[in-house]
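See below for the structure under consideration.
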Amino acid sequence: MKNKLLQLKDKIFTELTNVKDVQALVDLEIKYLGRKGELTQILRGIANLSDEDKKIIGRLANEIKEELREKIREIKDIILEKGDENRDVDVTLPGEKIKIGHLHPLTQIQNELEDLLHSLGFMVIDGPELESDYYCFEALNIPPHHPARDIQDTFYIDPASLKTENKKIDLVMRTHTSSVQARAMEKYGAPLRVAVPGRVFRSEATDACHDVMFYQLEGLMIDKNISIANLIAVLHQIFSGIFKKNVKVRVRPGYFPFVEPGLEVDMSCTICGEKGCPSCKHSGWLEMAGAGMVHPNVLRAGGIDPEKYSGFAFGIGLSRLVMMKYGIDDIRLFTSGDLRFLEQF
Ligand code: DAH
């Protein structure tokens with residue numbers, strides 16, 4: 001038995017010296033050390049030996065096994081280091097490109113806007129998308145039966161569906177980011193400079209210009225002696241920054257219950273330079289935002305004294321802004337998940 005083992009060892013080691021690649025090494029390992037391998041078979045036979053032989057032969061067999069394992073490992077390292085000649089790899093081929101994604105165009109512009117506003121001293125905050133009727137309307141000077149509610153087709157939430165104890169709170173999906181105005185005033189007081197980017201929801205029939213969900217950016221600045229000139233200056237910085245051009249900003253009267261006076265804000269058309277083109281409906285100007293001086297009732301709702309402080313607010317349609325910047329003609333593309341669209345940005 002001892003001789004048989006030693007012979008086998010010699011045989012294996014001779015075969016090992018001829019091994020050239022990893023596959024041959026694996027085959028050899030299976031041939032001798034596998035479940036049905038020659039060495040394994042001998043080891044199994046040890047059980048039938050006398051106690052004394054068991055000790056001697058058992059030890060020898062295990063030593064050979066260990067030695068063999070060690071040798072196989074050694075040879076494997078050498079082969080791998082040298083490069084396996086039979087491996088089918090062409091190291092001169094260019095590497096495989098790893099596909100990495102990128103930010104959604106809306107997120108890109110939102111980030112740019114946030115940077116611009118930060119540089120003007122605004123802090124960027126968030127607010128709930130499922131909002132109370134109070135913050136979405138009442139605190140903004142829009143009482144329950146005010147006709148201004150009709151402008152915004154609202155998703156009201158059925159109170160019976162709520163898990164909360166308090167079924168009296170009327171909840172809506174916020175129709176605008178202006179809903180965060182009173183929240184910010186309550187939390188931070190005056191003076192205040194905040195920007196609120198985020199999603200808003202309206203129960204609309206969808207088409208190329210309308211979707212049930214879109215993005216807005218609300219701005220609010222409250223301090224002593226704030227005027228419309230400050231508002232125009234801030235919007236001028238924002239639009240010029242986003243369009244990377246020195247644009248002009250003009251204001252027209254507009255009605256929003258939470259501002260007085262209320263304004264519609266236009267920007268000079270970046271495509272035709274005010275000459276008139278299809279993008280600006282031949283007017284030379286593009287409608288960019290609603291804005292105005294914060295209504296005293298809104299300041300009061302936020303706990304700020306309108307005798308001491310004044311402020312401006314503006315609401316930019318972020319989705320619309322991105323559409324204008326890139327010439328996107330259908331708002332629904334933003335949420336389509338269509339890579340042919342997204343990969344262009
Ligand atoms: N919240 C308005 C809307 O969604 C936009 C708006 C208008 C916001 C005037 C303002 C503002 O802050 O002063 O239509």
Side-chain angles (χ1 to χ4, degrees), residues 113 117 120 122 124-125 127-129 131-143 146-155 172-185 192-204 209-223 226-236 238-239 249-267 286-299 301-302 304 306 309-323 331:
L113 279 166
L117 283 151
L120 295 170
F122 283 72
V124 177
I125 60 168
E129 291 176 351
E131 183 56 283
S132 66
D133 179 280
Y134 174 76
Y135 284 114
C136 197
F137 298 121
E138 280 204 60
L140 288 168
N141 201 30
I142 313 174
H146 196 288
R149 288 194 181 209
D150 297 344
I151 308 169
Q152 302 194 343
D153 305 298
T154 313
F155 286 119
V172 298
M173 295 306 290
R174 67 175 178 197
T175 55
H176 50 185
T177 42
S178 309
S179 59
V180 189
Q181 282 194 19
R183 286 182 176 277
M185 290 185 227
L192 181 65
R193 271 181 246 183
V194 287
V196 190
R199 301 201 294 177
V200 301
F201 306 83
R202 296 201 190 165
S203 172
E204 307 228 42
C209 307
H210 300 90
D211 207 346
V212 290
M213 185 278 291
F214 54 99
Y215 285 74
Q216 285 190 334
L217 180 117
E218 187 80 9
L220 177 67
M221 177 167 181
I222 296 168
D223 210 329
I226 295 292
S227 74
I228 290 178
N230 300 121
L231 166 71
I232 294 175
V234 166
L235 289 175
H236 176 256
I238 292 176
F239 296 141
V249 170
R250 75 172 188 190
V251 294
R252 295 173 283 124
Y255 176 69
F256 303 97
F258 33 93
V259 279
E260 179 59 38
L263 306 164
E264 299 277 358
V265 182
D266 299 335
M267 174 187 96
L286 298 163
E287 269 183 47
M288 299 302 289
M293 300 306 292
V294 181
H295 196 287
N297 286 349
V298 178
L299 289 172
I304 291 172
Y309 288 100
S310 58
F312 65 74
F314 60 84
I316 299 174
L318 189 52
S319 301
R320 259 201 79 214
L321 180 76
V322 178
M323 288 171 78
I331 192 170

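In each ligand, atom 1 is the first atom listed, and ligand 1 is the first ligand listed. All residue numbers refer to positions in the sequence shown, counting from 1. No experiment lies behind these values; they were computed from the predicted model shown.
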Counting heavy atoms only, which of P257, G290, S178 is nearest atom 9 (C) of ligand 1?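 Heavy atom nearest to atom 9 (C) of ligand 1 belongs to G290.
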
For atom 3 (C) of ligand 1, state which one of R202, E264, E260, H295 supplies the nearest heavy atom.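 Minimum heavy-atom distance to atom 3 (C) of ligand 1 goes to R202.
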
Any N or O of F256 closer than 3.5 Å to N or O of ligand 1: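 No, there is no polar N/O contact under 3.5 Å.
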
Non-neighbouring partners of Y135 that pass side-chain hydrogen bond (donor to acceptor under 3.5 Å, both in side chains), sequence neighbours left out: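 side-chain hydrogen bond (donor to acceptor under 3.5 Å, both in side chains) list for Y135, sorted by chain: E186.
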
Under 4.0 Å from any heavy atom of [X], which atoms of ligand 1 are there?
{"X": "Q216", "answer": "3 (C), 4 (O)"}
{"X": "E218", "answer": "8 (C), 10 (C), 12 (O)"}
{"X": "V259", "answer": "13 (O)"}
{"X": "G292", "answer": "13 (O)"}
{"X": "Q181", "answer": "12 (O)"}

Of all heavy-atom pairs between M293 and I226, which one has the smallest distance, and what is that distance?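 Taking M293 first and I226 second, the nearest heavy atoms are CE-O, 3.3 Å.
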
Reference residue F312; test side-chain contact (heavy atoms from CB on, under 4.5 Å); the match among L235, D223, V234, L220: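 In the set L235, D223, V234, L220, the residue that makes a side-chain contact (heavy atoms from CB on, under 4.5 Å) with F312 is V234.
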
Nearest-0.5 Å distance that lies between atom CG in N141 and atom NE2 in H295: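 So the CG of N141 and the NE2 of H295 are separated by 4.5 Å.
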
Euclidean distance, F214 CZ relative to C209 SG, rounded to 0.5 Å: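 Reported value, rounded in 0.5 Å steps: 12.0 Å.
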
Side chain, backbone, both or neither: F314 near ligand 1, heavy atoms under 4.0 Å: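 It is the backbone that touches ligand 1; the side chain stays farther off.
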
Determine whether a donor-acceptor pair (N or O, by modelled atom type, separation under 3.5 Å) exists between the side chain of R174 and the backbone of V180.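 A pair under 3.5 Å: no.
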
Examine ligand 1 and decide if any of its atoms is less than 4.0 Å from a heavy atom belonging to F312.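 The answer is no, since F312 has no heavy atom less than 4.0 Å from ligand 1.
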
How would you list, by chain and number, every residue that makes a side-chain contact (heavy atoms from CB on, under 4.5 Å) with F256, sequence neighbours excluded?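 Counting only residues at least two positions away or on another chain, F256 forms a side-chain contact (heavy atoms from CB on, under 4.5 Å) with F258, V259, E264.
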
